[in-house]
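First listed ligand is number 1; within each ligand, the first listed atom is number 1.
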Amino acid sequence: MKVTVGVSGGIAAYKAAELVRALQRQALDVHVVMTAAAQQFVAPLTFASLTGHKVITGLWPLSSGEAGSGEAELDSSIEHIGEAQSTEALVVAPATAHVLARFAHGLADDFLTTLYLATRAPVIVAPAMNVNMWEHPATRANMEMLESRGVRIVPPESGALACGMTGSGRLAEPEVIVEAVVGQLHRRNDLAGEVILVTAAGTREAIDPVRFLGNRSSGKMGYAVAEEAQRRGARVVLVSGPSSLRPPANCELVSVVSADEMRRAVLSRLDQTTIVVKAAAVADYRPCVLAEQKMKRTGPITIEFEPTEDILREVVLSKRPGTLVIGFAAETENLLEHGRSKLLRKGADAIVLNDVSRPGLGFDSDRNAATFLTPKTAIELPEMTKHELASRILDEVIALRRPASFVAETGLVSSNSTLRE
Ligand code: CTP
């Protein structure tokens with residue numbers, strides 16, 4: 001299996017040689033592309049010797065000012081298309097702030113950036129830079145954009161940096177990058193043929209023409225699940241409450257506002273759905289009466305609320321046999337106990353249990369941790385980005401389809417998961 005390592009121009013470029021070796025130990029056929037700046041740090045010959053392949057150093061044959069790389073002079077202006085189609089994964093390590101910015105904005109002014117635009121293979125980037133550059137809002141915005149487009153980010157580690165500062169910005173260890181690459185390769189197209197309906201974000205229950213009862217859900221978790229599912233080959237229907245997030249391209253977006261609208265959108269699509277993932281934070285109550293005019297401030301008021309329908313329960317009762325139903329549960333105390341009773345009450349195949357009281361995780365954060373709870377198991381999914389968590393959740397959902405005998409025979413349980421009976 002061929003993977004392409006893109007090396008860009010930072011001091012960590014020398015560490016890419018170690019990464020190449022580590023990828024080769026996974027029986028991967030590694031090819032290397034270098035930016036012009038990377039060649040100021042490491043000679044292309046290093047990678048040519050390690051890989052046994054010519055190193056691609058530029059878009060044009062013998063372009064002036066380009067460092068030579070022996071056989072690398074054979075680069076051609078259409079080679080990026082061939083490379084883009086033949087590679088199974090593009091791994092950029094180290095990825096400089098400049099390369100990330102060019103990826104984010106679609107600039108294609110050298111081989112690596114052109115390859116990034118042309119390939120449909122999974123892209124994994126491992127940034128390395130000065131801590132201030134890493135934390136700059138421009139870099140953060142670029143990372144967010146890339147992540148929302150499905151690029152897998154292997155975040156830099158904290159420690160002493162080459163610039164003399166201490167903080168986040170050191171290239172992740174080769175084995176961490178390799179794990180991300182292998183994860184992406186295994187997951188390619190494993191959801192082909194599935195139709196996944198994902199609900200996301202919070203619902204809003206109108207009180208009067210200008211006010212509503214809402215909640216803090218941003219939709220990030222559900223959108224990440226939709227995006228990952230789509231990347232892994234599923235057809236995705238995203239039923240979303242109001243959210244400022246950009247929906248993944250090519251998924252069917254159904255925008256709703258209230259719990260009742262969400263309910264109708266979900267139930268009417270159940271017969272074409274093979275997996276339902278209910279990440280939305282649905283309002284449990286709505287006002288009994290909707291005021292027709294804006295309510296005036298007069299003094300203390302009492303608003304009477306009635307419960308909304310439990311959509312997850314209705315899905316479980318009216319789904320086609322074989323359709324998997326995964327709920328989410330946001331809890332603040334007695335997690336496992338509440339999670340288990342919710343799982344039983346709702347009758348779902350699994351519940352993704354979130355501790356929303358943990359600072360920095362959950363609502364509106366880019367990171368989360370969860371427990372994937374089935375009637376028999378509780379699988380810990382430790383803190384990670386919501387995109388990575390979405391992928392891990394989908395791994396566990398796919399595992400539910402496998403017959404128990406297969407799991408017993410192969411001992412196949414997703415990596416890094418702790419199983420507790
Ligand atoms: N859910 C739903 N319809 C509702 C409320 C919740 O489909 N009216 C779904 C959510 O999308 C989520 C799961 O049920 O997948 C659990 O939601 P949560 O708010 O944690 O649980 P509740 O059912 O509201 O139970 P409680 O308020 O007692 O915690």
Side-chain angles (χ1 to χ4, degrees), residues 196-206 212-226 229 236-243 254-270 273 275-288 305-319 323-358 361-364 368-375 378 381 386 389-390 393-394 396-397 400:
I196 304 194
L197 188 153
V198 182
T199 69
T203 63
R204 292 179 180 175
E205 309 306 318
F212 58 81
L213 178 72
N215 62 64
R216 290 174 54 204
S217 171
S218 62
K220 281 184 180 172
M221 194 63 238
Y223 277 58
V225 171
V236 176
V237 180
L238 176 60
V239 179
S240 175
S243 170
V254 185
S255 296
V256 298
V257 177
S258 66
D260 189 50
E261 279 175 31
M262 183 170 278
R263 173 179 172 268
R264 280 187 274 124
V266 171
L267 295 181
S268 66
R269 286 168 177 80
L270 260 192
T273 303
I275 300 175
V276 181
V277 180
K278 290 224 69 253
V282 186
D284 286 328
Y285 289 93
R286 67 177 149 244
C288 294
F305 290 99
E306 63 187 10
T308 56
E309 290 77 17
D310 187 335
I311 309 172
L312 182 53
R313 183 71 194 138
E314 284 192 54
V315 167
V316 169
L317 294 175
S318 44
K319 67 168 186 146
T323 298
L324 290 174
V325 182
I326 316 299
F328 272 63
E331 302 291 347
T332 54
E333 55 174 358
N334 302 331
L335 251 66
L336 270 180
E337 194 187 314
H338 284 153
R340 284 217 181 280
S341 80
K342 201 167 277 184
L343 183 65
L344 288 178
R345 200 168 67 237
K346 307 248 182 187
D349 295 284
I351 289 258
V352 179
L353 189 56
N354 287 295
D355 180 354
V356 284
S357 66
R358 282 179 64 180
L361 296 183
F363 289 128
D364 212 25
N368 209 354
T371 307
F372 190 86
L373 206 61
T374 72
L381 303 173
K386 283 187 173 169
L389 184 62
I393 290 167
L394 291 171
E396 299 306 335
V397 174
L400 292 175

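Near L312, the atoms of ligand 1 lying under 4.0 angstrom from a non-hydrogen atom of the residue are 2 (C), 7 (O), 9 (C), 13 (C), 14 (O), 15 (O). Of all atoms in ligand 1, listed by their number and element, those nearer than 4.0 Å to a heavy atom of G327 are 15 (O). Near R345, meaning under 4.0 Å from any of its heavy atoms, are these atoms of ligand 1: 25 (O), 28 (O). Near A280, meaning under 4.0 Å from one of its heavy atoms, ligand 1 places the atoms 10 (C), 11 (O). In summary, the atoms of ligand 1 found under 4.0 Å from a heavy atom of A283, numbered by their order in the structure, are 8 (N). Counting the atoms of ligand 1 from 1 in the order shown, those under 4.0 Å from a heavy atom of A330 are 20 (O).
Of all the listed residues (I311, V315, T199, I351), I311 holds the heavy atom that lies closest to atom 2 (C) of ligand 1. The option from M262, K346, K342 that lies nearest to atom 21 (O) of ligand 1, judged by heavy atoms, is K342.
Taking a 4.0 Å cut-off on heavy atoms, R263 fails to register as neighbouring ligand 1. Not a single heavy atom of R313 sits less than 4.0 Å from an atom of ligand 1. Within the structure, ligand 1 has T308 among the residues with a heavy atom less than 4.0 angstrom away. Proximity of H338 to ligand 1 is not established, as no heavy-atom distance is less than 4.0 Å.
Nearest non-hydrogen protein atom to atom 8 (N) of ligand 1 is E309 O, 2.9 Å. The protein atom (non-hydrogen) at minimum distance from atom 17 (O) of ligand 1 is F328 O, 3.6 Å.
R204 and E261 are not joined by a salt bridge, as no carboxylate oxygen comes within less than 4.0 angstrom of a charged side-chain nitrogen.
Dense packing is recorded around CZ of F305, with more than 12 heavy atoms of other residues, nucleotides or ligands lying under 6.0 Å away.
Under the 4.5 Å side-chain criterion, counting only non-hydrogen atoms from C-beta, T308 is not in contact with D260.
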